[in-house]
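What follows is a short report on a single structure.
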Protein chains: 2
Amino acid sequence: MGKCEQCGIRQLNAFKELTKDELIRLSLCKSSKEIKKGEVLFDEGEHINGLYCVRNGVCKVSKMSDNGKDQIINLIKKGDLIGERSLISNESSNLKAVALNDVEVCFIPKEEVIKNLQRNPNFTMGMMQKLALSLKNADNIIVDMAQKTVKQRLAVTLLYLHENFKTEEGINSIHLTREDIANIIGTATESAIRLLSEFKKNNLIDLKGKEIFVLNIPKLKILAEGL
Amino acid sequence: MGKCEQCGIRQLNAFKELTKDELIRLSLCKSSKEIKKGEVLFDEGEHINGLYCVRNGVCKVSKMSDNGKDQIINLIKKGDLIGERSLISNESSNLKAVALNDVEVCFIPKEEVIKNLQRNPNFTMGMMQKLALSLKNADNIIVDMAQKTVKQRLAVTLLYLHENFKTEEGINSIHLTREDIANIIGTATESAIRLLSEFKKNNLIDLKGKEIFVLNIPKLKILAEGL
DNA sequence: CGATTGCTTGACCCCCATCAATCCTCGTGG
DNA sequence: CCACGAGGATTGATGGGGGTCAAGCAATCG
């Protein structure tokens with residue numbers, strides 16, 4: 001089991017604020033976990049009782065709607081924390097997290113997180129800034145959902161994937177299914193598929209099997225923002 | 001000018017965690033402000049450099065979409081804080097706040113808030129919990145926007161208004177226009193109006209001028225959740 | 001008392017959800 | 001090694017939801 005004080009991933013989140021002593025203490029109580037593709041890290045309503053830190057891989061974070069569809073709220077990757085919201089509110093989770101590929105996470109028990117929040121104001125401030133950023137992103141998504149067409153939202157999502165997950169193999173290195181993509185956008189799977197092939201016809205993207213290649217970022221941006 | 005240590009409104013937010021000394025210090029640096037109906041408390045892109053605490057009245061909090069529509073993200077009332085997100089992120093505001101009726105707010109300068117965050121862990125925890133709650137609410141709104149029909153969202157909104165702003169005069173004591181309601185739901189004004197009169201025909205609500213009376217909460221709930 | 005702002009209703013039509021059928025692609029077991 | 005089954009991808013057809021334009025009405029205000 002690795003040691004937190006030697007783990008570079010903490011530079012990507014609030015744990016960078018911890019002192020060496022605090023990191024050593026963290027190493028003693030944290031646990032590591034491996035999750036295979038498709039497995040559930042935690043589900044809605046579950047008491048997480050701690051905080052997950054993603055070391056590797058990608059999870060989709062979703063919430064079930066009344067109509068039975070899983071709306072994907074977020075994609076989390078290396079360095080991201082998940083579970084802080086429920087931890088701070090002292091509630092069970094309002095979200096579900098599922099591995100899109102093989103994922104490694106560390107789990108830090110709630111008591112240890114709270115202890116650090118009480119002792120280290122810099123750590124607390126880091127966590128607050130993370131929450132504040134999440135809130136801003138959420139506000140942006142609300143506006144997009146409310147005001148943009150499905151086509152625009154697909155363009156936004158493709159640009160987001162391109163920005164965050166692009167490899168030489170395409171922008172879908174995390175193996176989202178068409179249904180996943182539809183559940184990010186908030187539309188029917190068939191609609192997403194139809195728009196993808198329309199985008200391909202217009203040479204905005206290329207499709208090779210399930211993989212997606214962005215060909216024309218500027219035009220996608222124009223599409224995403226207006227008519 | 002009132003004194004914070006005698007102000008009961010702090011019981012409604014994180015300021016309840018401040019000590020008497022801290023409250024007295026707060027009184028010395030805070031300022032009060034009155035905003036008339038329709039006036040702008042702050043706009044997108046503005047540097048707020050502090051935190052507002054609503055003493056009275058209601059503001060609509062919105063964000064401009066690329067298509068030029070103001071999507072209403074939140075309605076804030078007595079006891080609510082606004083500006084914390086930008087303060088913590090050290091950014092200019094991503095939101096706009098406009099008074100729906102005459103509003104009184106207190107303004108606390110950034111430096112004073114930061115000082116209290118550094119010194120009083122309980123206050124910090126209170127602020128974090130507020131952010132965490134806002135985030136959960138935002139997640140719920142995203143799911144509703146993505147997965148519910150306009151009709152369902154109107155039902156949700158009417159129930160929300162009933163829950164939070166109902167008086168004997170109806171549920172629209174804060175004088176939202178039809179356009180405002182449409183901008184909460186994320187639809188065209190005409191669509192919102194049409195659905196309101198449909199709801200009236202079905203005896204779910206009653207309309208007297210601009211005022212709205214909820215007649216059948218259970219049916220509205222059923223409508224809001226499914227078919 | 002005009003004039004601006006908000007409310008309401010009608011007409012039109014496109015976007016998109018839904019249902020259905022087919023094709024493709026794997027992983028599994030015979 | 002191949003057959004087959006299951007889940008995913010794709011395309012077609014169809015109908016309704018809801019966006020948009022336009023016109024008329026009501027209310028509020030300087």
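Chain identifiers are assigned alphabetically (A, B, ...) following the order of the sequence lines, protein sequences preceding nucleic acid strands; residue numbering begins at 1 within each chain.
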[X]-[Y] side chain donor-acceptor pair, cut-off 3.5 Å:
X	Y	result
N13(A)	K130(A)	no
K110(A)	N90(A)	yes
T149(B)	R153(B)	no

Rounded to the nearest Å, what distance is computed from the [atom1] atom of residue [X] to the [atom2] atom of nucleotide [N]?
X	N	atom1	atom2	result
R194(A)	dA20(C)	CZ	C1'	11 Å
L196(A)	dA9(D)	CG	C1'	11 Å
I193(A)	dA17(C)	CD1	P	13 Å
E190(A)	dG12(D)	CD	P	14 Å
K201(B)	dT9(C)	NZ	P	7 Å
E198(B)	dG16(D)	CD	P	14 Å
K200(A)	dT11(D)	NZ	P	9 Å
I185(A)	dC16(C)	CD1	C1'	12 Å

| request: Within residues 171-183 of chain B, find the residues that approach DNA chain C with a heavy atom at under 4.0 Å, and present them sorted by residue number. | output: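 Result for residues 171-183 of chain B: T177(B), R178(B), E179(B), sorted by number.
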
| said: So does R194(B) get a backbone contact from the side chain of S197(B), meaning a donor-acceptor N/O pair under 3.5 Å? | reply: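 A pair under 3.5 Å: yes.
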
| request: Hey, which sits more toward the 5' end of DNA chain C by its nearest nucleotide, K210(A) or T187(A)? | output: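 Mapping each residue to its closest nucleotide by heavy atoms, the 5'-most match is T187(A).
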
| request: From the options dT9(C), dT11(D), dT20(D), select the nucleotide whose nearest atom is closest to the side chain of K69(B). | output: dT20(D)

| request: Please assess L161(A) against L176(A) for the test side chain to side chain contact (heavy atoms under 4.5 Å, CB included), listing each intermediate value before the final yes or no. | output: CA-CA 10 Å; L161(A) 293 175; L176(A) 292 167; 3.8 Å; yes

| query | Taking the inter-plane angle between the rings of F42(A) and Y52(A) on a 0 to 90° scale, is it parallel (under 30°), tilted (30 to 60°) or perpendicular (over 60°)? | reply | parallel

| Sugar-phosphate, base or nothing in reach of T189(B), heavy atoms under 4.0 Å | nothing

| query | Below 4.0 angstrom from OP1 or OP2 of dA17(C), is there any side-chain N or O of S191(A)? | reply |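 Answer is yes, contact under 4.0 Å.
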
| field | All ring-ring contact (aromatic ring centres under 6.0 Å, His included) counterparts of F15(A), not counting sequence neighbours | value |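 Partners of F15(A) by the ring-ring contact (aromatic ring centres under 6.0 Å, His included) criterion, ordered by chain and then number, come out as F123(A).
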
